[in-house]
Amino acid sequence: MINIIIISISAILFTCPVYSQWESDKWLNNPVSDEIFSSYVDFMKYDKSLDFDLKIIESKKEDGIKTDHISFLSTPNQKITAYFTTSMVGKINHNPTIIMLHGGGKKGKDGITKISKMYARDKINILSIDMQYFGERKTDLIVDFTEKEKHEKLYNQESQYLAFVIQTVKDVGRSFDLLVNKFDINKEKIGLLGFSRGAVLASIVGGYDIRLKSVALIIGGHFDRFEDGHLAAACPANYVGRINPRPLLFLNGLYDSDFDADRSVKPLQKLTKDSEKIWLEMGHGYPGDENMLIVSDWIKKTLLKEGK
């Protein structure tokens with residue numbers, strides 16, 4: 001049953017206290033000022049003149065859905081691997097388009113192909129990208145992808161995690177540019193959706209990159225139960241409130257043991273204005289096709305003017 005409720009730079013970036021599990025950080029209670037936030041801009045910039053070196057690795061057509069397995073350059077040392085999944089009915093540049101960020105699973109984008117195809121059938125284009133260290137971008141940093149390993153080697157390594165956040169911001173920015181410049185997608189119809197860890201990242205990217213016209217955060221929050229702290233420039237609390245006035249959707253589980261409703265999600269929601277909130281009676285996991293179709297309706301409503 002669904003309840004829908006509408007409701008000096010180094011000092012800035014590299015100073016933070018030690019946290020205990022679920023302890024609120026200072027930015028969740030008091031996000032950074034506009035002046036401090038503006039200092040993050042240089043860290044997120046990328047070379048827009050860099051050639052995409054776009055490669056179509058494989059193209060599949062099945063049941064009216066086309067999936068292009070592609071790769072392209074994000075920054076000089078980072079190649080993005082992705083699936084661009086679209087309907088074969090009509091022109092894709094008439095459809096809303098979502099850049100999708102996966103959760104913390106080893107498979108990366110391959111773990112959300114079902115959703116990409118479901119949305120493509122609903123005439124939403126999906127560019128699902130592998131985040132750094134996941135899927136086809138796997139490195140030696142994370143091997144087994146247990147929660148313990150991911151937190152010890154990435155999420156709780158403050159400088160390493162900040163670099164990961166910055167790279168993800170750049171990756172989404174380059175993905176946006178690719179959609180517009182190589183696939184002729186209408187820049188006014190591009191949004192962002194993230195699952196779990198991808199939702200944490202999407203709250204940051206969405207607050208930074210104002211070109212994204214709507215943002216959906218699925219089963220994510222401010223921090224999870226194994227995190228013990230992050231730097232200011234990697235804190236969702238310093239970004240999520242800046243998504244307004246663009247549409248923002250939260251979909252969360254009331255009994256989520258990873259992203260606790262009262263300690264991780266609701267305090268983050270309080271920093272937003274006019275965001276929409278869907279609370280499900282579930283823990284941490286896939287919300288189900290029916291609920292993801294509710295999200296797809298929201299995507300079309302927010303990205304298509306007058307429903308067209």
Side-chain angles (χ1 to χ4, degrees), residues 2 4-7 44 82 84-87 92-103 112 115-116 118-129 131 168-169 171-180 183 185-222 236-252 265 268-280 287 291-308:
I2 301 171
I4 303 180
I5 309 171
I6 303 298
I7 48 169
M44 308 297 187
F84 188 41
T85 309
T86 59
S87 172
I92 65 171
N93 57 5
H94 289 174
N95 298 337
T97 301
I98 287 291
I99 300 169
M100 190 179 290
L101 300 179
H102 57 78
I112 53 175
I115 301 166
S116 297
M118 180 170 67
Y119 277 19
R121 292 189 185 95
D122 204 22
K123 292 193 174 181
I124 299 173
N125 308 319
I126 297 292
L127 181 66
S128 54
I129 68 173
M131 293 191 291
T168 304
V169 172
D171 290 349
V172 173
R174 285 285 284 178
S175 296
F176 185 101
D177 296 342
L178 181 87
L179 288 167
V180 173
F183 291 100
I185 297 299
N186 186 337
K187 65 182 180 180
E188 299 300 322
K189 297 180 180 180
I190 301 176
L192 178 66
L193 184 151
F195 292 90
S196 189
R197 180 58 49 177
V200 177
L201 274 295
S203 66
I204 294 173
V205 179
Y208 172 80
D209 197 330
I210 61 174
R211 299 177 301 172
L212 297 159
K213 299 305 180 183
S214 68
V215 180
L217 310 177
I218 311 299
I219 314 294
H222 170 252
N238 292 325
Y239 295 83
V240 71
R242 300 173 188 277
I243 295 174
N244 183 267
R246 292 166 291 147
L248 170 62
L249 173 68
F250 290 88
L251 184 150
N252 290 93
V265 183
L268 192 66
Q269 292 176 342
K270 287 181 180 179
L271 297 175
T272 69
K273 183 179 180 181
D274 298 328
S275 60
E276 296 186 39
K277 305 165 187 76
I278 300 176
W279 286 102
L280 305 178
N291 293 318
M292 289 310 300
L293 287 173
I294 291 174
V295 175
S296 73
D297 288 342
W298 180 87
I299 289 169
K300 288 187 289 185
K301 179 183 72 175
T302 57
L303 293 181
L304 293 179
K305 293 181 179 179
E306 298 178 356
K308 297 181 180 179

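The first residue in the sequence is number 1, and the count goes up from there.
Thr168 OG1 to Asp171 CG: the interatomic distance, rounded to the nearest 0.5 Å, is 6.0 Å. Put simply, NZ on Lys213 and CD1 on Ile98 are 13.0 Å apart, with the number rounded to the nearest 0.5 Å. Separation of atoms CG (Asn93) and OG1 (Thr86) is listed at 11.0 Å; rounding is to 0.5 Å. One distance of note links CE of Met100 with CD1 of Ile126; it measures 3.5 Å at 0.5 Å rounding. With values rounded to the nearest 0.5 angstrom, Thr97 atom OG1 is found 11.5 Å from Leu212 atom CG. Thr85 OG1 to Ile92 CD1: the interatomic distance, rounded to the nearest 0.5 Å, is 11.0 Å.
In terms of heavy-atom proximity, Ser203 sits nearest to Tyr239 at O-CB, 3.5 Å. Here the closest heavy-atom approach between residue Ser116 and residue Ser128 is recorded as OG-OG, 3.9 Å. Across Leu280 and Pro287, no two heavy atoms sit closer than the pair CD1-CB, 3.9 Å. Contact detail for Pro96 and Lys123: the closest heavy-atom pair is CD-O, 3.5 Å. The minimum heavy-atom distance between Ser175 and Leu127, with the atom names listed, is CB-CD2, 3.6 Å. What you find for Arg242 and Gly207 is that their closest heavy atoms are CB-O, 3.8 Å.
Within the 3.5 Å criterion, the main-chain N or O of Ile243 finds a donor-acceptor partner in the side chain of Arg246. The closest donor-acceptor contact from the side chain of Lys189 to the backbone of His94 lies under 3.5 Å. Checking side-chain atoms of Asp122 against main-chain N and O of Ile124 turns up no donor-acceptor pair under 3.5 Å. Looking at Asn252, its side chain does come within 3.5 Å of a backbone N or O of Gly220 through a donor-acceptor pair. One N or O on the side chain of Tyr119 and one on the backbone of Met292 form a donor-acceptor pair closer than 3.5 Å. Looking only at distances, no side-chain donor or acceptor of His222 sits under 3.5 Å from a matching main-chain atom of Pro236.
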Evaluate the criterion side-chain contact (heavy atoms from CB on, under 4.5 Å) for residue pair Asn291 and Ile278; output intermediate values, then yes/no. CA-CA 9 Å; Asn291 293 318; Ile278 300 176; 5.8 Å; no
So Asn125 and Phe183, side-chain contact (heavy atoms from CB on, under 4.5 Å) or not? Walk me through it. CA-CA 11 Å; Asn125 308 319; Phe183 291 100; over 6 Å; no
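Within the 4.5 Å cutoff, no side-chain heavy atoms of Phe176 are placed close to those of Leu192. Residues Phe195 and Ile115 are in side-chain contact: their nearest non-hydrogen atoms beyond the backbone lie under 4.5 Å apart. Using a 4.5 Å heavy-atom threshold, the side chains of Phe250 and Val240 count as touching. Side-chain contact between Asp209 and Val169 is absent, with no heavy atoms from C-beta onward closer than 4.5 Å.
Note on Arg211 versus Asp177: salt bridge recorded, some NZ/NE/NH1/NH2 to OD/OE distance being below 4.0 Å.
For the 3.5 Å distance criterion, the side chains of Ser214 and Thr302 qualify, holding a donor opposite an acceptor.
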